[in-house]
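Convention: sequence-line order gives letters A, B, ...; per-chain numbering from 1.
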Amino acid sequence: MFIFETSQIVLLKISSLRQKNVVIFNFYVGDNIWQEDKADIDAHVSTQFVYNANNSLSLDVQRKRLPIFKVKNHILYLLEKYQTLVLVGETGCGKSTQVPQYLLEAGWSADGKIIGITEPRRVAATSLASRVADERNCILGAEVGYAIRFDDCNDETTKIKYMTEGILLREMMGDPLLTKYSIIILDEVHERTMLTDIIMGLLKKILKKRRSLRLVVSSATVDAEELRDFFNSRKSSSNEDDLATILSVEGRLHPVDVHYLAEPCADYVQAVVDTALKIHRNEEQQRGDILAFLTGMDEVDRAVSLLKEHAERIGIDKQLKLLPLPMYGSLPYKDQLRVFQRAPNDTRKVIVATNIAETSITIPNITCVIDCGFVKLPWFDVETQTNSLIVAPVSQASADQRAGRAGRHRPGKAYRLYTEEAFAALPVATAPEMQRSDLAPAVLQLKALGIDNVLRFNFPSAPPSKSLLSALELLYGLGIIDDDGRLTNPLGNMGCSEEITTILAMLQVQNVFIRPAGGQASIKARIAHRKFEVAEGDLLTYLNIYTAYEKNKTHSWCQQNFINFKAIKRATEIRTQMRKLIKKLGLPLLNCGINTELILRCIAAGLFPYAAYLHYTGVYRTVRGNRDLHIHPNSCLYTLEQPQWVLFGEIQQTTKVYMRELTVIKPEWLVELAPHFYRRTAIDND
DNA sequence: GAGCACTGC
């Protein structure tokens, strides 16, 4: 028996089945890679526009105009004195591009050491590296480089390296003290992603062991003191011994006037429409576009269609026309691009967006922001092991981030559709992802890094202990950790490793299916997709699609079949990476041919905790907990006859509690494959 | 009949 980790699946476990010569893949996949319905994964690569008000100035003059320039020497001095510097500065102050260069110029990359900067998103890592390479007049990938998955753009001369958080975590596995680096800059820490928090916990340990290492924690907001105290592991109470300190940099380039409602509003979608129209009427002379934040696609579409009705009327008698545009992740790429295109001179754009416009993309020329005051947040309920999106009030930090979108190149205005008292009552910051997610992937990651006692691990914000325990329980149930909480080490031969790697790769890319919203195209897409659907469920349908794609591998094949070309190409990369890993580990890559049941049993061996059966009432029920469940409309089983027993990859609660990524199984497999988990009696009941 | 946003040796 043995265990191995790949970069894409959190863990791929192979264990032997009791049958002779048959070995199964047991797999456990991290929560968020099951998500689908995402925007074209590479859509934002080319939509990352950042407005540069000083475009005509030389790069050097531009650099010196940035607010961060004034504190350059301060930063360098503080890093001589302290091991950790919490750098607070809002977007636009230049910290992401300038600080690494100051450090380089001050000699922090001497004796071959690297200055590393982590970013939560790939576009940020690549575009910042490209910008800094320009500023230094060097080729991208030499002195200044980047590393994201499947794209290493750096060499042995690289001194400044931008990377995604996942890359740094991976590097810790091979080099636990990060000896290549003289300094690590964690950028956008205020977003408090799962990976940021894990990395901060690990870096705290590394900093104790490597006193020469420096850390810059770069955050836009408030939590500075909390973060400083976290890294201040000094023994005495004297400030002289402090290891961490804070430096604030004055923020954005232009002020934003914030307006509140005098009275709360009943319908914020209607209020967005009314406010946008009011701005448009009253500020005819002040050109500049409007950006409104709503929580989801439905609301965005509703607001846009209401605005369009008014826009037509305005078009007749007004000088300045109004062009309402939607913006959200699942919007087709070409429609997303429209928000970046310059409107005609006689037209003002009103962009109605989800949270995508808060951090992921930057739309130029915005002078007015409308903030509905709410956001959809992913929430994991430990008790029911259910993911849901809850509509929650935004935090003050988010509201400020949204408002800041109005002041990027000239003074702006922000209209908050709530009262000033309501703002004061908002939470200061959104709860870190770690406190509202399934922790099984994180716990596994930590275990793989040698953190045996995760309950005592020093997290920057401790997750609920219930979540940690539940994660441990799941890993134990899957046989991934033993009685002592240590990773097990199972190894076996496989009967269908090839098929399983393909399925795993497909599960990790979002938006494999192109599903047009309506009309003729949506019917065509459905017919095209139906060709691949099988009664065994979604996972085998994915296998079918990939196998069919392999024979052609062309863009036109994908177009004909309404398959997302970029997504499936990425699946190929992931699959290739996994196959290499399997070979490296000396395991056979076996294709089981027509023995589909073997694949189904493999899936069952990995997903057995997530079993549901069809109740006589016509809805499904979980075996654990007897909760009512429904088949998600995007599942291939939605239109087919309802099978008696299914395994699901994820439960998502929206209007109903939905199961996604379904696989049809025989109930006796559960008892056979997971006897410690299921007893025959339990299954025969009901 | 449904979709906040990201990410990985």
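- In this entry the distance linking CZ of F380(A) with C1' of dC4(B) reads 18 Å, nearest Å.
- Using a 4.0 Å heavy-atom distance criterion, T654(A) is classed as a sugar-phosphate-only contact.
- Taking the side chain of T354(A) as heavy atoms from C-beta on, and the options dG3(B), dT7(B), dC4(B), the nearest nucleotide is dC4(B).
- Separating the CD1 atom of I356(A) from the P atom of dA5(B) is a distance of 5 Å, rounded to the nearest angstrom.
- Here T193(A) does not reach the OP1 or OP2 of dT7(B): none of its side-chain N or O atoms lies under 4.0 Å away.
- For the pair T164(A) and dC6(B), the criterion of a side-chain N or O lying under 4.0 Å from OP1 or OP2 is not met.
- I148(A) comes within 4.0 angstrom of the backbone, heavy atoms only, and of no base.
- When the P atom of dC9(B) is taken as reference, atom NZ of K161(A) falls 10 Å away, rounded to whole Å.
- Put simply, R660(A) has no side-chain N or O that comes within less than 4.0 Å of OP1 or OP2 on dA2(B).
- Legend: salt bridge (charged side-chain N to carboxylate O under 4.0 Å, His left out) pairs involving residues 353-364 of chain A, not counting sequence neighbours, sorted by first then second residue: E358(A)-R402(A).
- The distance between the ring centers of Y638(A) and H632(A) does not fall below 6.0 angstrom.
- Side-chain atoms of R121(A) and base atoms of dG8(B) include no donor and acceptor less than 3.5 Å apart.
- For H632(A) and dG3(B), the shortest distance from a side-chain N or O to OP1 or OP2 is below 4.0 Å.
- Taking atom CD1 of I199(A) as the reference point, atom P of dG8(B) lies 11 Å away to the nearest angstrom.
- Between the base of dG3(B) and the side chain of N634(A) there is no donor-acceptor pair shorter than 3.5 Å.
- Counting to the nearest Å, the C1' atom of dA2(B) and the CD1 atom of I631(A) are 15 Å from each other.
- In this structure, the salt bridge (charged side-chain N to carboxylate O under 4.0 Å, His left out) partners of R416(A), at least two apart in sequence or on a different chain, are D400(A).
- Among the nucleotides dG3(B), dG1(B), dA5(B), the one closest to the side chain of P633(A) is dG1(B).
- What separates CG of L195(A) from P of dC9(B) is a distance of 11 Å, to the nearest Å.
- No donor-acceptor contact under 3.5 angstrom links the side chains of R515(A) and S522(A), judged on distance only.
- Using modelled atom types and a 3.5 Å distance limit, the side chains of D151(A) and Y146(A) yield a donor-acceptor pair.
- Taking atom CZ of R402(A) as the reference point, atom P of dA5(B) lies 12 Å away to the nearest angstrom.
- Between Y658(A) and dA2(B), a side-chain N or O to OP1/OP2 separation shorter than 4.0 Å is present.
- Taking the six-membered ring for Trp and thresholds of 30 and 60 degrees, F648(A) and Y610(A) have ring planes inclined between 30 and 60 degrees apart.
- Closest approach to the P378(A) side chain among dC9(B), dC4(B), dA5(B) is made by dC4(B) (side chain taken as heavy atoms from C-beta onward).
- Base engagement by L389(A) is indicated by at least one non-hydrogen atom pair under 4.0 Å involving a base atom.
- The distance from atom CD1 of I574(A) to atom P of dG8(B) is 9 Å, rounded to the nearest whole Å.
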